[in-house]
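What follows is a single structure, written as structure tokens, with notes after it.
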Amino acid sequence: MNNIYKLLLFTLLISGVVSCIPNKDLVYLQDKNKNEYSIEVDNSFSKPYRVQTNDILNITIKALDQKLVEMFNVSSTSGSQNQVNINNLYFNGYSVDDHGNIRIPVLGEINVLGYTVEEIRETVEKKLLDEYFKKEARIFVNVKLAGLRYTINGEIGSPGTNVLYQDKATIMEAIANSGDIPITGNRKKVQIIRKVPQGFEIHYLDLTDANIMKSPYFYIQPNDYIYVKPLPQKSWGTGTTGTQTLSAVVSAFTLVITTYLLIKNL
């Protein structure tokens, strides 16, 4: 019987070491260099996004006399004009085709591939003033991406495709918007698959390290795919906390002892 108790203690020790998830693997943005001062972030990494194929742009054109520019706008929706959702943006926005062009009523095709939204605004505004209006018309052009659309999968609270209606967003905001990473998710190796002109790139981020704020991939881009891998503890089935591990081991040990006693008394 003493050997059985020793086996129990040994099993508890080993299980506690290999199955419990330490706190350092759960806390975001830790200062692992133990700096006394705040971490300096290079803002040059958050460069303006340059439009790629399959992006959707939301372009509105206004003037002192709005009737003069109605023909340039895609549609004048009434009633639900202030309600923005991904379906409206898909059908009423300007999709960038495989050649990098968008088609604006009257203005025709305009190439926007590789341009920032500010450069596209200047291009559309110049074309309007050169071909249709004078400065007295007070033309006002507004160009925005139709939200930051990303897909997140794996160990995440709410997997799927989401849209953030803002100009810039970090991976931390994307994760928070998707229900956060559960305790069984690997925060140290979050995978990002990003579309680039040459194809796709794969990158890994350690969300427990505050230095990722210096990474050019800390800010997400439209059509990013984010994958959070599970920790090994999830497949081991021994529990992710000390209490869960203890409960699992005790249950298994109780079963072994009960079986042993039953066999011995036969």
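No experiment lies behind these values; they were computed from the predicted model shown. Just the heavy atoms: all of them, side chains too, but no hydrogens, waters or symmetry mates, feed the values below.
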Checklist entry - Would a distance-only check, ignoring hydrogens and angles, find a side-chain to backbone donor-acceptor pair under 3.5 Å from N111 to H99? => result yes

Checklist entry - Taking atom types as modelled and ignoring hydrogens, do the side chains of N223 and D55 form a donor-acceptor contact shorter than 3.5 angstrom? => result yes

Item to check | Whether Q52 side chain and K195 backbone form a donor-acceptor pair below 3.5 Å | outcome: yes

Checklist entry - Hey, is R121 close enough to E125 for a salt bridge, meaning N to O under 4.0 Å? => result yes

Checklist entry - Under 3.5 Å, side chain of E131 to main-chain N/O of L128, donor-acceptor pair present? => result no

Next on the checklist: Looking at K62, I want to see if its NZ is surrounded by more than 12 non-hydrogen atoms of other residues, nucleotides or ligands under 6.0 Å.
Outcome noted: no

Checklist entry - Between the side chain of D209 and the main-chain N/O of D206, is any donor-acceptor distance below 3.5 Å? => result no

Next on the checklist: Salt bridge or not between E119 and R50? Use side-chain N to carboxylate O under 4.0 Å.
Outcome noted: yes

Next on the checklist: Donor-acceptor pair, distance only, cut-off 3.5 Å: does the side chain of D130 make one with the backbone of K127?
Outcome noted: no

Checklist entry - Is there a donor-acceptor pair closer than 3.5 Å between any side-chain N or O of Q30 and the backbone N or O of K24? => result yes

Checklist entry - Should I120 and L113 be counted in the same cluster of Ile, Leu, Val, Met, Phe, Trp and Tyr side chains packed under 4.5 Å apart? => result no

Item to check | Polar side-chain atom of R187 near backbone of I181 as donor-acceptor pair, under 3.5 Å | outcome: yes

